[in-house]
Every structure is written in structure tokens, then in C-alpha cells.
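For the single chain, residues carry numbers from 1 onward in sequence order.
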Amino acid sequence: MMPTIPEIPFEPPLHWLRSVWAYRLARLGLAIVFVYAGGIKLVDPQAFAVVISGYGLLPAVLVGPASILLPVLEVLAGIGLILDVRGSLGAILGMTLMFLVVLAYGIWLGLDVDCGCYGPGDPEGVAFHGLRQAFVRDLMLLAMIAYAYWWRVAGAVLPGIRYRRGSSIFTEKLEQHR
């Protein structure tokens with residue numbers, strides 16, 4: 001009689017991607033990036049306006065309002081993402097796509113400007129002063145956004161993912177105390 005081999009449950013190598021904590025970590029990472037980037041720009045909107053005007057995409061009359069509105073949207077979308085507010089991931093996606101288009105435009109024209117990603121004079125912008133690095137970084141942000149959308153869709157299909165719209169670390173803690 002042949003010995004029986006014990007059956008070992010097989011977990012795919014990337015099974016951790018289905019974890020609610022991986023999803024929350026991606027959401028939190030995106031949120032921190034956007035809150036930080038928007039907050040830094042709000043400290044000195046006039047300097048950020050100079051960066052925006054360097055791209056030559058907006059008429060001069062719109063540069064000032066854009067230098068305030070864009071960082072406010074970044075901060076609000078980031079906070080919304082932390083709290084898992086409906087539409088905040090879509091806002092982050094929209095801004096990231098817009099940033100990619102602007103960076104691609106700058107690369108195409110061969111502009112030698114600060115990307116403006118983390119406000120004027122940020123160490124990364126000063127050190128590299130290139131748009132290609134910012135473009136690659138934004139592609140990585142786009143991958144994190146794609147993961148967050150995949151996780152939300154997969155939660156309705158894959159077993160082992162339990163997610164309720166609007167649930168977050170904060171709302172779950174509140175529900176535990178009720």
C-alpha cells in the first residue's frame with residue numbers, strides 16, 4: 001500500500017492582494033501622497049502658479065485660480081480616500097490621468113520645468129528637474145488606483161473578500177464601540 005501524501009491547501013503566490021489590509025494600505029498610500037502634495041502647494045500658491053504657467057497650457061487669467069483649486073481638490077480627494085468616501089477614488093484617478101497628460105505634453109515639447117508635483121522647489125524636482133521621473137511615478141500611482149478598483153470589483157466576485165461600501169478602519173472602530 002502506497003503512503004498517502006497529505007493534502008496541502010494551495011494559496012496562489014499573490015493571495016495577499018485579496019486582503020482588505022492590502023487594499024486599505026494602497027488607499028492610505030494614495031491618500032497620503034495627494035494630501036501631502038496638495039498641502040505643500042497650498043502653502044505657497046503663487047510659487048505653484050509659476051510652475052503651472054511654465055507649461056503654457058492655461059491662459060494667465062486661470063493660472064491663479066488653478067494654483068489654489070487644484071491643491072484643494074488634491075487634499076479633499078485624499079481625505080475622502082482615507083474615509084472611503086464615494087467618488088474620491090474617481091477624483092484621484094481623474095487627477096492622475098490629467099497629471100499624466102500634462103507631463104506627457106511637457107516631455108513631448110522637451111520642457112525643462114519642475115513637474116510641480118510636490119510644490120515648487122521640492123527636493124525631487126530640484127535634484128532631477130525632469131518630467132520623465134514624475135511620469136513614471138504617476139504610472140505607479142495609476143497602478144495603485146487600478147489595484148483599488150480591481151479590489152472593489154473582485155470583492156463582489158471572489159470569495160474571502162468581505163467589503164462594504166463606506167467601510168473603513170474608522171467606521172469599523174465606531175461600529176465596534178456601539
- prompt: How many angstroms lie between atom CG of Leu103 and atom OH of Tyr105, to the nearest 0.5 angstrom?
  reply: 12.5 Å
query: How long is the span from the CG atom in Leu142 to the CG atom in Leu93, to the nearest 0.5 Å?
result: 6.5 Å
task: Check the angle between the aromatic planes of Tyr23 and Tyr147 and answer parallel, tilted or perpendicular using the 30° and 60° thresholds.
output: tilted
Which heavy atom of [X] sits nearest a heavy atom of [Y], and at what distance?
X      : Y      : value
Gly38  : Pro71  : O-CB, 3.4 Å
Ile52  : Ala66  : CD1-C, 4.0 Å
Leu89  : Ala148 : CD2-CB, 3.7 Å
Cys117 : Ala37  : O-CB, 3.3 Å
Arg27  : Leu81  : NE-O, 2.9 Å

Beyond-backbone contact of [X] with [Y], side-chain heavy atoms, under 4.5 angstrom:
X      : Y      : answer
Val75  : Tyr36  : no
Val113 : Val51  : no
Val63  : Gln46  : no
Tyr55  : Leu109 : no
Ile107 : Arg132 : yes
Phe48  : Asp44  : no
Phe135 : Val102 : no
Val85  : Ile79  : no

Would you say [Y] ends up clustered with [X] if hydrophobic residues are merged whenever their side chains have heavy atoms under 4.5 Å apart, either directly or through other cluster members?
X      : Y     : value
Trp21  : Leu25 : no
Leu139 : Val33 : yes
Leu97  : Leu57 : yes

statement: Which of Leu100, Leu141, Leu73 passes side-chain contact (heavy atoms from CB on, under 4.5 Å) with Met95? It is Leu73
message: Could you walk me through whether Phe99 and Glu74 satisfy the side chain to side chain contact (heavy atoms under 4.5 Å, CB included) test, starting with their C-alpha distance in whole Å, then the side-chain angles of each, then the deciding distance to 0.1 Å, before giving a yes or no?
response: CA-CA 12 Å; Phe99 298 152; Glu74 286 178 300; 3.5 Å; yes
query: Are the side chain of Lys41 and the backbone of Leu70 linked by a donor-acceptor contact shorter than 3.5 Å?
result: no
Candidate pair Gln133 and Cys115, rule side chain to side chain contact (heavy atoms under 4.5 Å, CB included), full reasoning: CA-CA 9 Å; Gln133 293 88 354; Cys115 78; over 6 Å; no
- prompt: Between Ile82 and Phe34, does a side chain to side chain contact (heavy atoms under 4.5 Å, CB included) hold up when you go through it step by step?
  reply: CA-CA 11 Å; Ile82 290 170; Phe34 275 80; over 6 Å; no
- prompt: Which ILVMFWY residues are connected to Met140, directly or by a chain of links, through side-chain heavy atoms under 4.5 Å apart?
  reply: Val136
query: Residues in side chain to side chain contact (heavy atoms under 4.5 Å, CB included) with Pro45, at least two apart?
result: Ser67, Ile68
message: Between Asp112 and Leu131, does the side chain to side chain contact (heavy atoms under 4.5 Å, CB included) criterion hold? Intermediate values first, please.
response: CA-CA 8 Å; Asp112 186 23; Leu131 302 180; over 6 Å; no
